Amino acid sequence: MAYYRSLGAVPPKRHTQHRRADGGLYYEELMGEEGFSSDSSLLYHEYIPSAIVDAAPWELPDQSLTANYPLKPRHLKLHGLFDDNEWKNVDAVTGRRLVLGNGDVRISYAVAGEVSPLYRNAIGDECVYVEAGSGVVETVFGALPVRQGDYVILPRATTHRWIPEDGAPLRVYVIEANSHITPARRYLSKYGQLLEHSPYCERDLHGPVGPIAAEGEDVEVLVKHRTPQGIRGTRYVYPQHPFDVVGWDGCLYPYTFNIADFEPITGRVHQPPPAHQVFEGNGFVICNFVPRKVDYHPLSIPVPYYHSNVDSDEVMFYCGGNYEARKGSGIGQGSISLHPGGHAHGPQPGAYERSIGVEFFDELAVMVDTFKPLELGEGGTAGEDGGYAWTWSGRGPAT
């Protein structure tokens with residue numbers, strides 16, 4: 001983000017002495033992207049941020065992937081991945097179940113009731129969509145209140161933890177990048193301001209409050225990171241609590257954006273998915289479909305035309321309302337549809353005709369389009385509805 005923020009106590013000039021009341025120095029840390037050539041922030045710590053007293057392996061949840069073979073569209077039911085009361089003992093970090101993934105992005109799902117361990121992703125940024133529930137994400141930058149419909153953007157290597165509100169499950173749809181996640185480039189000026197044609201603006205982005213300035217000794221932090229052998233986890237122990245920041249400033253920090261603040265772009269005829277884009281990363285884009293007035297040409301067909309997006313796999317997460325194009329498919333809240341490149345996809349039988357004359361769609365969905373094929377994680381395999389591929393024809397393979 002090129003949107004500058006400052007929080008807490010910072011000195012008048014960067015890289016200069018910043019002293020506490022007793023005359024001791026605070027420790028300055030630059031957290032920056034792309035080797036000092038992109039967005040960054042300066043954080044001021046009570047203690048040395050590099051100090052650790054232990055490092056041990058952390059066994060990650062199952063990260064294995066299985067090819068979508070034979071190639072077919074798939075329906076994955078995420079709400080069935082956690083039992084009715086299981087969420088009470090699950091947290092939003094270690095309880096994630098991998099649904100889909102490739103070399104650019106991994107998509108997981110969790111239903112949480114427990115406070116998560118301190119954690120940071122050293123592989124890439126995370127975009128976490130809050131399907132239901134509320135809570136607080138405490139970070140080294142400060143606290144982020146989160147609620148239903150929030151996208152929570154967590155820059156790579158941001159130490160944080162998830163604290164669900166007591167008594168209700170926190171349902172999170174987690175998009176983990178191998179890169180940074182930013183607003184769509186076409187929405188930004190050459191200096192990074194969101195332009196007039198963007199469906200949201202800086203006023204819709206909410207940064208941390210704080211700082212937290214926590215105390216503690218021998219504090220564990222889980223780190224997800226890269227190795228030549230693939231994704232691994234390490235458990236660090238810090239001599240003091242990493243939430244020791246007294247102030248920070250810059251253009252790199254976590255923030256929230258609520259899907260209700262996305263202003264849909266509509267037209268006389270059906271608008272293609274790029275009109276619904278919110279964010280992008282290397283090798284994928286994130287879009288959302290929100291309640292909106294639909295096509296108003298007198299001969300329009302409001303549901304999507306059938307399409308073969310030959311360079312992409314399309315993942316749709318249905319998180320509210322009633323998605324018109326999927327009526328009759330078995331898809332509902334908490335479902336994912338995977339429509340792979342190489343397969344023409346579009347509305348279910350009858351949806352094309354039913355949509356004529358409709359003026360408003362009450363639907364809510366988060367879409368990820370990838371430019372490399374997606375594979376199924378253990379959560380995707382466990383939640384699959386095996387009959388979805390045959391719903392357009394009405395019959396499956398001969399037995």
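As the structure is a prediction and not an experimental result, all values here were calculated from the model.
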Minimum-distance pair of heavy atoms, taken over all atoms of L205 and L194: CD1-CD1, 4.3 Å

H180 vs N282, side chain to side chain contact (heavy atoms under 4.5 Å, CB included): CA-CA, chis, key distance, verdict: CA-CA 7 Å; H180 301 300; N282 288 347; over 6 Å; no

Any donor-acceptor N/O pair, S37 side chain to E33 backbone, under 3.5 Å: no

H270 and its ring pair (Phe, Tyr, Trp, His ring centres under 6.0 Å) partner, picked from F289, Y352, Y296, Y305: Y305

Hydrophobic cluster partners of V310 (side-chain heavy atoms under 4.5 Å): none

Quiz: residues 134-152 side-chain donor-acceptor pairs under 3.5 angstrom, not counting sequence neighbours:
{"residue": "S134", "atom": "OG", "partner": "E165", "partner atom": "OE1", "Å": "3.2"}
{"residue": "S134", "atom": "OG", "partner": "E165", "partner atom": "OE2", "Å": "3.3"}
{"residue": "E138", "atom": "OE1", "partner": "R161", "partner atom": "NE", "Å": "2.8"}
{"residue": "E138", "atom": "OE1", "partner": "R161", "partner atom": "NH2", "Å": "3.0"}
{"residue": "T139", "atom": "OG1", "partner": "F141", "partner atom": "N", "Å": "2.9"}
{"residue": "T139", "atom": "OG1", "partner": "G142", "partner atom": "N", "Å": "3.2"}
{"residue": "T139", "atom": "OG1", "partner": "G142", "partner atom": "O", "Å": "2.8"}
{"residue": "D150", "atom": "OD1", "partner": "N258", "partner atom": "ND2", "Å": "2.9"}
{"residue": "D150", "atom": "OD2", "partner": "R147", "partner atom": "N", "Å": "2.9"}
{"residue": "Y151", "atom": "OH", "partner": "N288", "partner atom": "OD1", "Å": "2.9"}

Y119 and W58 aromatic ring geometry - parallel, tilted or perpendicular at 30°/60° bounds: perpendicular

Sub-6.0 Å ring centroid separation between H45 and Y26: no

Residue pair S335, H75: steps toward the side-chain hydrogen bond (donor to acceptor under 3.5 Å, both in side chains) verdict: CA-CA 7 Å; S335 289; H75 172 204; 2.8 Å; yes

T158 backbone acceptor or donor facing H160 side chain under 3.5 Å: yes

Atom pair SG (C127) and CD1 (I181), whose distance is rounded to the nearest 0.5 Å: 5.5 Å

Smallest separation among heavy atoms of N309 and D369, with atom names: ND2-OD2, 3.5 Å

Minimal non-hydrogen separation, A92 against A110, with atom names: CA-CB, 4.4 Å

P49 vs Y27 side-chain heavy atoms within contact, under 4.5 Å: yes

Charged N-O contact under 4.0 Å between D125 and R156: no

Test log, rule side chain to side chain contact (heavy atoms under 4.5 Å, CB included), inputs D362 and N322: CA-CA 6 Å; D362 182 18; N322 193 342; over 6 Å; no

Salt bridge present between K88 and E114 (N-O < 4.0 angstrom): no

Passing candidate, side chain to side chain contact (heavy atoms under 4.5 Å, CB included) with L76, options T381, L376, I331: L376

Smallest separation among heavy atoms of Q271 and T266, with atom names: CG-C, 3.9 Å

With T159 via side chain to side chain donor-acceptor pair (under 3.5 Å) - residues at least two apart: R120

From E378 atom CD to S108 atom OG, the distance as rounded to the nearest 0.5 Å: 9.0 Å

Pair E176 + R96: basic N to acidic O under 4.0 Å: yes

Heavy-atom side-chain contact between V172 and W162 under 4.5 Å: yes

Straight-line distance of H339 NE2 to E314 CD, nearest 0.5 Å: 6.0 Å

Donor-acceptor contact present, side-chain R232 to main-chain R226, <3.5 Å: no

Ring center gap for Y44 and W248 short of 6.0 angstrom: no

Atom pair CD (E196) and OH (Y187), whose distance is rounded to the nearest 0.5 Å: 14.0 Å

Shared hydrophobic cluster, L81 / V90 (ILVMFWY, side-chain heavy atoms < 4.5 Å): yes

Interatomic spacing from CD in Q277 to SG in C287 - rounded to 0.5 Å: 5.0 Å

Minimum heavy-atom distance F262-P199, with the two atoms named: CE1-CG, 3.3 Å

Any side-chain donor near an acceptor of the partner, Y109 and E131, under 3.5 Å: yes

Criterion side chain to side chain contact (heavy atoms under 4.5 Å, CB included) against I175, the qualifying member of Y129, F284, F317: F284

Criterion side chain to side chain contact (heavy atoms under 4.5 Å, CB included) on S337 and Y388, from CA distance to verdict: CA-CA 9 Å; S337 62; Y388 177 68; 3.9 Å; yes

ILVMFWY network linking L43 to V209, side-chain heavy atoms under 4.5 angstrom: no

Aromatic plane relationship, F243 with H241 - under 30° parallel, 30 to 60° tilted, over 60° perpendicular: tilted

Near-ring test Y255/H206, centroid separation under 6.0 angstrom: no

